[in-house]
Each structure stands twice: as C-alpha cells, then as structure tokens.
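Worksheet for the structure shown next.
Chain naming here is simple, since letters A, B, ... match the order of the sequence lines and numbering starts at 1 in each.
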Amino acid sequence: MIQRTGPMNLFSDIRTLVVSEIEAMMAAGDLPAGLDLAAVAVEPPRDASHGDMATNAAMVLAKPAGLPPRAIAEKLAARLGADSRIAAVDIAGPGFLNMALVPSVWAGLLVAALKSGDDFGRATLGQGIKVNVEFVSANPTGPMHVGHVRGAVFGDALARLLAFAGYNVTREYYINDGGAQVDVLARSVYNRYLEAHDLTVDWPEGSYPGDYLIEVGEDLKAKVGDIWLDEPESVWLEEVRNFATDKMMEQIRGDLALLGVQMDVYSSEKALYGTGQIEAAINTLREMGLIYEGTLEPPKGKLPDDWEAREQTLFRSTAHGDDVDRPVKKSDGGWTYFAPDIAYHYNKVQRGFDQLIDIFGADHGGYVKRMKAAVSALSGGRVPLDIKLIQLVKLWKNGEPFKMSKRAGTFVTLRDVVEQVGPDVTRFVMLTRKNDAALDFDFDKVMEQSKDNPVFYVQYANARINSVLRKAREMGVAVDDATLAAADVAQLTHPAEIAMAKKIAEWPRLVEIAARGNEPHRVAFYLYELASDLNGLWSKAKEDTSLRFIQDDPATTQAKIALARATGVVISAGLAILGVTPVEEMR
RNA sequence: GGGCCCAUAGCUCAACUGGAUAGAGCAGCCGACUUCUAAUCGGCAGGUUGAGGGUUCGAUUCCUUCUGGGCCCGCCA
C-alpha cells in the first residue's frame with residue numbers, strides 16, 4: 001500500500017470535489033436526482049489563460065437535467081468557489097467551468113513529489129487486478145531481428161507502466177515450439193551436425209541455412225558425438241528438436257536481456273500437446289455448442305488455386321463477433337495453430353487473470369477477432385482481451401531505406417541494433433510512436449547525439465538538474481529530499497516556476513491515462529514536454545537571475561532546487577517506465 | 001470481393017479517448033553563449049485535420065460513403 005503523503009493526482013482530487021458538489025446539488029433539489037456523472041471530466045485546459053483546471057460538468061449534465069448549462073454552471077461555481085483549494089471559478093464558452101487554484105496547492109504538490117520520490121505518480125487504478133501481458137513470442141527458430149525489437153520494447157514498457165499504475169502484472173512469452181517449423185529447425189541443425197563431422201549436406205528449400213546454427217551443430221556434436229550420423233530421422237528428430245529449441249530460447253533470452261527485458265513466464269505450445277489441455281479447451285467450447293463439423297464458404301474474390309469445399313471442425317467464432325467461423329483441425333486430423341492457442345488463452349483465464357493483453361505484429365491482424373472470440377467464449381465474457389498490433393519498423397541508413405535480406409547479408413539482428421545504438425536509445429526511440437503507426441528507425445539519427453534525438457533531450461534536462469544538485473552540495477547546501485521537502489516552496493511564485501509545478505502535477509494523471517489505454521508512448525511524449533519546460537526555465541534564468549536554482553541565500557536555494565529535484569523525480573520515474581537509465585551527467 | 005489498421009503544417013509526428021483559438025520537432029528566416037551544462041532557449045512563418053455526408057451545445061476523435069497506402073483472408077505459425 002502506498003503511503004499518501006499529500007496530493008498525488010490533483011485532477012482526480014478536484015474531480016472528486018466536483019462530483020460531490022453535484023451530488024449535494026441533487027440532494028438540495030438544484031438538480032434532478034440520479035444523474036449519471038460518468039462523463040464529468042476535470043482536465044487541464046488547453047489554454048493556460050483559462051485557469052488551472054476545467055470541468056465540462058454543466059454541459060454534459062444540461063440535457064439529462066433539462067436545464068440550461070449556464071444555470072447549472074452558476075450554482076456549481078458558487079459551491080466550488082467555497083473550497084479552500086480553489087481561488088476563482090469562471091464560467092466560459094458554452095459552459096465550461098474554469099478553476100484557478102490557490103498557489104499553496106502547487107507547493108503542496110512539490111512536497112508530495114519529493115516525499116514520494118520514485119513512487120510519485122504511482123496509481124491505484126489497477127489495484128487488485130491481475131493482468132497478463134503476452135509479448136514477443138517469436139518462433140524459436142533463429143535469433144531475434146529488428147522487427148521483434150519494437151514489440152519487445154513496447155510490451156516491456158507497457159508491463160512497467162501497468163505495474164506503476166497498480167496492476168499485478170505477469171509478463172509472458174508463448175514459445176511456438178509445436179508446429180512444423182521446429183521440425184525444419186531440427187533438420188537444419190542436424191545438417192550442421194553432419195557438417196561438424198566434415199560431411200557434405202544438401203539444403204532443401206525452406207530450411208534454415210543461417211550461420212547461427214553452425215555453432216548449434218557443433219554443440220550437438222560435442223554432446224552426442226557421432227551416434228546419429230547414420231541414423232534415420234525417426235531416431236533423432238525429437239531429441240534434436242528439443243536440443244535446438246532449447247538453444248534458440250537460450251539465445252532469445254540473452255537477446256531480451258540485452259534490451260533489459262525480463263519475462264516472468266515462458267509458456268510452451270508443445271507442452272500443451274499430450275496433456276489433454278487442447279482437447280479440454282475445445283470440449284469446453286463444444287459443450288457451449290460452439291464447435292461443429294461444417295463447410296466454410298469460399299472467400300470472396302479470387303480463390304486460392306487449390307481451393308475445394310471441405311467439411312472440417314470449426315469454432316463458431318461468429319457467435320462472439322468474428323466474421324467467419326474458424327477451423328481448429330487440419331485435414332490430416334492434427335490441430336491448427338489456433339487450437340493450442342485457444343488452449344493457451346484458456347489456461348491464462350484459468351490462472352485467474354482479470355485482463356489479458358496480447359502484443360502481435362501487424363501481420364497477425366487477421367487473427368485478432370478469432371482470439372477475442374475464443375477468450376470471450378471461454379471466460380464467459382469475464383476476461384477482456386486487448387490485442388495491440390505493432391506496426392512495421394522501417395530501417396534507414398545513409399538517408400535511404402535499408403532492406404533486410406538474409407541472402408544479401410543485410411539481416412539486422414536485435415543484437416546488432418542494441419550493440420550499435422545501445423539499449424536506452426533503442427528503447428526510447430521505439431516508444432516515440434503509437435503502436436499502430438509505422439515507425440522509421442534511422443541509424444544515423446539515433447546514433448547522433450542531437451536534438452533530433454528526443455532521448456538525449458530528456459537526458460540533458462536530467463543532467464542539468466543533477467548538475468545543480470551537485471553544485472549546491474559543493475557549496476555546502478543540504479539538498480537531500482527530506483530537506484528539500486521541508487523547504488519554503490511557497491516562495492516559488494514566478495509564472496515560469498508555477499508552470500513547471502503544474503507540469504509536474506500532470507504526471508499522476510498522465511500515468512492513469514496511459515495505463516487505461518495501454519499506451520506507453522504517452523510517457524515518452526510527456527517526458528519530452530517536461531524536459532522542454534525545464535530547459536525553457538533554465539534559459540529564462542540567464543536573463544532573470546532570480547530564476548536560477550542556486551541563489552546566495554541557502555533557504556532560497558533549497559526552495560528553488562526543490563522544484564528542480566521534483567522535476568528530476570518525475571523524469572527518472574518516467575524513464576523507469578520506459579526502461580531507460582537516467583544519466584547523471586553529460587559532458 | 002471481404003476484414004483490420006493508417007491518412008493532421010513542406011517533412012516526421014502529438015492532440016489527455018467528444019471540448020474552448022489543432023500543438024511539438026526538423027527544414028526555412030531573425031535573434032540569444034564572460035552559462036547554476038548552448039546536446040539549450042526566444043521569436044517569425046507554416047493548416048479546408050485525404051474528400052463528401054451524418055450524429056450534437058461542440059467532431060482530428062463517433063457513424064456512413066468514397067479516395068489513397070499497409071497488413072491479412074480454409075488444412076503456415
């Protein structure tokens with residue numbers, strides 16, 4: 001439980017006030033009883049001249065209450081004005097209530113930030129809610145490439161964000177080790193094993209001839225010697241498959257670790273086979289009347305060459321919002337990929353998660369509706385599944401698009417990127433775009449330590465803050481958080497200082513908004529704005545030296561530095577959500 | 001043919017989930033370094049939010065039609 005040391009989310013505090021005053025108006029007969037207040041919002045106004053906070057209450061209540069918005073606004077304004085935190089209330093535009101807060105509110109907020117430290121902004125939104133975030137889930141057939149990086153960073157940042165918002169988060173990786181592609185992997189590794197014994201081999205179409213398996217073949221030789229050299233596939237396939245997927249997963253874990261991504265649970269597709277779990281999940285659907293033998297309509301438009309009508313085992317996903325029913329069995333009697341995935345999601349539901357989040361590449365967009373249908377059916381509608389699709393990353397190098405090709409040797413692995421660019425820059429840049437918009441990753445720009453590169457901009461602001469703290473300490477001024485929290489921050493009255501405090505005040509609200517929408521990119525954008533405010537304040541202080549953080553008088557210095565340090569607290573909390581290490585110094 | 005996603009300043013993108021006069025960065029122009037760190041800051045200019053229609057006090061946001069781009073479309077995963 002987080003100890004509340006003062007105001008955390010000022011916006012929700014004021015919204016609580018607005019709601020309680022509306023309820024009082026209903027009780028007093030000024031408004032009809034039983035109004036739905038869900039649409040009542042308290043937000044920062046776009047234009048600072050409109051005050052500190054605005055509410056749309058009068059407008060959204062006007063119609064259901066059958067009263068003109070102004071009449072509601074006037075009575076509500078009078079009530080709000082009586083609160084000690086509110087200095088003035090204006091009615092503006094079509095019925096907005098604009099509120100100005102008393103200066104001591106901002107002072108109190110800074111104190112709260114300093115006392116809470118890295119916990120400042122931690123929310124209770126997800127209190128008691130177990131959420132599972134499944135991400136990456138790359139096939140264990142090779143090293144991770146750049147295309148995987150964005151999904152990995154997004155999923156990890158989302159998990160950190162949700163944890164910060166109070167959710168009980170599990171990060172999970174679904175290993176696709178049950179399909180034909182791991183048999184292909186095994187045969188490719190067997191080839192490398194033969195080569196390790198100086199034998200010549202053929203590489204059939206569709207195998208994995210990548211160099212990364214050479215070492216695996218040698219490891220296999222070191223482990224089993226020559227016992228499988230003249231044996232048929234039936235003898236070695238399963239063991240080689242297990243050996244190879246273990247090696248690949250080892251490599252993938254290492255790749256993820258380079259990026260600073262740590263999974264809580266690795267679930268195996270293969271492990272679902274033979275346990276009855278797939279059968280149980282399908283039977284559960286069958287008992288609901290959602291599994292049947294039938295024939296699908298051919299897809300409209302051009303048909304696949306080999307299309308022929310065929311009766312198959314289908315999941316009635318249309319009963320839960322899908323466009324067509326989906327096959328769960330192949331013609332050879334084996335399960336489709338969908339079937340174990342149904343079982344896997346059923347397993348997540350049974351483990352007691354209240355919410356599921358899947359992070360897929362955009363090329364899996366066609367899979368979304370059927371997966372949601374399955375979870376909806378198997379959880380009886382209890383567990384929402386949100387699927388975030390991660391759009392393409394376009395690589396740029398030397399000012400032109402950089403095409404990845406295994407054959408041309410321009411295949412870019414995750415390791416290549418992280419070793420060249422570093423995990424911090426990689427992560428930040430990958431989070432500067434909404435997940436559903438394509439992202440340009442320009443090697444030249446991200447390597448450049450310029451303002452084109454937002455991560456350096458944010459880091460620079462943080463370095464400046466630390467520089468001030470360092471200097472103050474050298475001067476013998478105490479600037480530990482406890483001392484700063486007790487400083488006389490009420491003397492920070494300059495508009496630029498107040499503006500800085502207001503920006504800090506938005507942090508807890510931003511965390512909730514970002515968490516509610518599963519949108520970690522909002523944190524990156526907010527940090528950029530916060531850094532911009534700090535840099536602006538810094539420059540103003542060149543002309544107006546009274547704005548400098550370090551002053552002659554220690555008490556004044558402490559008050560000023562309290563503001564700087566509170567900004568630094570938010571920057572490091574925000575960077576922690578993005579998984580980026582704050583730098584103390586840039587020279 | 002159908003489904004999903006995208007379209008906002010010359011370029012790259014935001015816009016607090018329906019709020020007030022749509023904001024940043026880059027590029028362009030003008031200006032600020034005897035500095036608490038210029039990897040920075042201030043200013044100017046830049047818009048029919050792809051197009052049309054609808055819903056309402058109010059639309060970049062929701063619905064609909066169209067245009068253009070991406071992804072996907074029964075026994076691959």
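- Within 4.0 Å (heavy atoms only), A/Ala514 reaches no atom of the nucleic acid at all.
- Separating the CH2 atom of A/Trp396 from the P atom of B/rC11 is a distance of 13 Å, rounded to the nearest angstrom.
- Look at A/Lys503 and A/Glu506 and you find a salt bridge, because one of the NZ, NE, NH1 or NH2 atoms lies within 4.0 Å of a carboxylate O, short of that distance.
- Put simply, the side chain of A/Trp538 reaches to within 4.5 Å of the side chain of A/Val468, judged on heavy atoms.
- A parallel orientation is assigned to the rings of A/Tyr174 and A/Tyr344, their planes being inclined by less than 30° (bins at 30° and 60°).
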Original post:
Does the pair A/Glu519 and A/Arg522 meet the rule for a salt bridge (Lys or Arg N to Asp or Glu O under 4.0 Å), with working shown?
Top reply: CA-CA 6 Å; A/Glu519 294 170 329; A/Arg522 289 183 188 276; 2.7 Å; yes
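- Residue A/Lys542 is in base contact, counting any heavy-atom pair closer than 4.0 Å across all strands shown.
- Here A/Ala463 lies in heavy-atom contact (under 4.0 Å) with a base.
- In this structure, B/rC62 and B/rG54 make a Watson-Crick or G-U wobble pair, each of the two defining distances being under 3.5 angstrom.
- Atom pair A/Glu529:CD and B/rC13:P shows a separation of 18 Å (rounding to whole Å applied).
- Residue A/Tyr367 is classed as a base contact, given a heavy-atom separation below 4.0 Å to a base.
- A residue-by-residue look at A/Asp440 and A/Lys540 shows that A/Asp440 has its nearest nucleotide of RNA chain B further toward the 5' end.
- Following rounding to the nearest Å, A/Arg326 (CZ) and B/rC76 (P) show an atom-to-atom distance of 16 Å.
- Taking the P atom of each, B/rC66 and B/rU21 are spaced 33 Å apart, rounded to whole Å.
- Using Watson-Crick or G-U wobble geometry with both donor-acceptor distances under 3.5 Å, B/rU12 finds its partner in B/rA24.
- You'll find that the side chain of A/Ser467 is closest to B/rU37, out of B/rU37, B/rC16, B/rC71.
- What separates CG of A/Leu527 from C1' of B/rC13 is a distance of 17 Å, to the nearest Å.
- For the C1' atoms, the distance linking B/rA22 with B/rG46 amounts to 14 Å, nearest Å.
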Nucleotide N/O of nucleotides 17-21 of chain B paired with protein N/O under 3.5 Å:
| from | atom 1 | to | atom 2 | distance (Å) |
| --- | --- | --- | --- | --- |
| B/rU17 | OP2 | A/Glu43 | OE2 | 3.3 |
| B/rU17 | O4 | A/Glu519 | OE1 | 2.5 |
| B/rU17 | O4 | A/Glu519 | OE2 | 2.9 |
| B/rA20 | OP1 | A/Arg46 | NH2 | 2.6 |
| B/rA20 | OP2 | A/Arg46 | NE | 2.4 |
| B/rA20 | OP2 | A/Arg46 | NH2 | 2.3 |
| B/rA20 | N6 | A/Asn98 | OD1 | 2.5 |
| B/rA20 | N1 | A/Asn98 | OD1 | 3.0 |
| B/rA20 | N1 | A/Asn98 | ND2 | 2.9 |

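- Taking syn as a glycosidic angle within 90° of 0, B/rU67 does not qualify and is anti.
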Just the table, please: protein N/O against nucleotides 4-7 of chain B N/O, every pair under 3.5 Å.
| from | atom 1 | to | atom 2 | distance (Å) |
| --- | --- | --- | --- | --- |
| B/rC6 | OP1 | A/Asp436 | OD2 | 3.4 |

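- Pairing each heavy atom of A/Pro520 with each of A/Leu578, the nearest pair is O-CD2, 4.0 Å.
- Contacts of A/Glu297 with the nucleic acid, taken as non-hydrogen atoms under 4.0 Å apart, are absent.
- Contact detail for A/Glu269 and A/Asp177: the closest heavy-atom pair is N-OD1, 3.1 Å.
- Closest to the A/Phe456 side chain, of the nucleotides B/rU37, B/rC16, B/rA39, is B/rA39.
- With sequence neighbours left out, the side chain to side chain contact (heavy atoms under 4.5 Å, CB included) criterion links A/Asp358 to A/Glu134, A/His345, A/Lys348, A/Phe360, A/Met371, A/Leu385, A/Ile387.
- Relative ring orientation between A/Tyr367 and A/His364 is described as perpendicular, the plane-to-plane angle rising above 60° on a 0-90° scale split at 30° and 60°.
- Between the CG atom of A/Asn453 and the C1' atom of B/rC26 there is a distance of 13 Å, rounded to whole Å.
- Distances shown here put a side-chain N or O of A/Lys63 below 4.0 Å from the OP1 or OP2 atom of B/rC57.
- Between B/rG74, B/rU40, B/rC41, one nucleotide has an atom nearer to the side chain of A/Tyr460 than all others, and that is B/rU40.
- Within the structure, every side-chain polar atom (N or O) of A/Tyr457 is placed at least 4.0 Å from both OP1 and OP2 of B/rU37.
- With C1' as the reference atom, B/rG53 and B/rA9 are 26 Å apart, rounded to whole Å.
- Rounded to whole Å, the separation between the C1' atoms of B/rG3 and B/rA39 comes to 47 Å.
- For A/Tyr528 and A/Tyr457, the ring centers sit closer than 6.0 Å to each other.
- Put simply, CG on A/Asp442 is 12 Å from C1' on B/rC26, counting in whole angstrom units.
- Nucleic acid contact for A/Ala564: none, since no nucleic acid atom lies under 4.0 Å from a heavy atom of the residue.
- Along RNA chain B, the nucleotide nearest A/Glu269 and the nucleotide nearest A/Thr295 are compared for position; the residue whose nucleotide lies closer to the 5' end is A/Thr295.
- Within the cation-pi definition used here (under 6.0 Å to the ring centroid, within 45° of the axis), A/Arg370 does not qualify as a partner of A/Phe315.
- Taking the C1' atoms as reference points, B/rU12 lies 15 Å from B/rC6, given to the whole Å.
- Atom C1' of B/rA51 sits at a distance of 29 Å from the matching atom of B/rA27, rounded to the whole Å.
- At B/rA77, none of the side-chain N or O atoms of A/Tyr337 fall inside 4.0 Å of OP1 or OP2 (strictly under the cut-off).
- Under 4.0 angstrom from either OP1 or OP2 of B/rG74 there lies no side-chain N or O belonging to A/Arg310.
- In this structure, A/Glu512 pairs ionically with A/Arg516, as a charged nitrogen and a carboxylate oxygen lie closer than 4.0 Å.
- A/Lys560 forms no cation-pi arrangement with A/Phe549, by the criterion of a distance under 6.0 Å to the ring centre and an angle within 45° of the ring axis.
- At least one cation-pi condition fails for A/Lys445 and A/Trp396: the charged atom is not both under 6.0 angstrom from the six-membered ring centre and inside a 45 degree cone around its axis.
- Following rounding to the nearest Å, A/Asn176 (CG) and B/rC76 (P) show an atom-to-atom distance of 15 Å.
- Pair check for B/rC41 finds B/rG31; Watson-Crick or G-U wobble, both atom distances under 3.5 Å.
- With a 3.5 Å ceiling on both atom-pair distances, the Watson-Crick or G-U wobble partner of B/rC4 is B/rG70.
- For B/rA15, one of the phosphate oxygens OP1 or OP2 lies less than 4.0 angstrom from a side-chain nitrogen or oxygen of A/His521.
- With C1' as the reference atom, B/rG58 and B/rG74 are 47 Å apart, rounded to whole Å.
- In this structure, A/Asp322 places its CG atom 12 Å from C1' of B/rG2, rounding to the nearest Å.
- Separating the P atom of B/rC26 from that of B/rG43 is a span of 14 Å, rounded to the nearest Å.
- Residue contacts for A/Val368: at a heavy-atom cut-off of 4.0 Å it reaches no nucleic acid atom on any strand shown.
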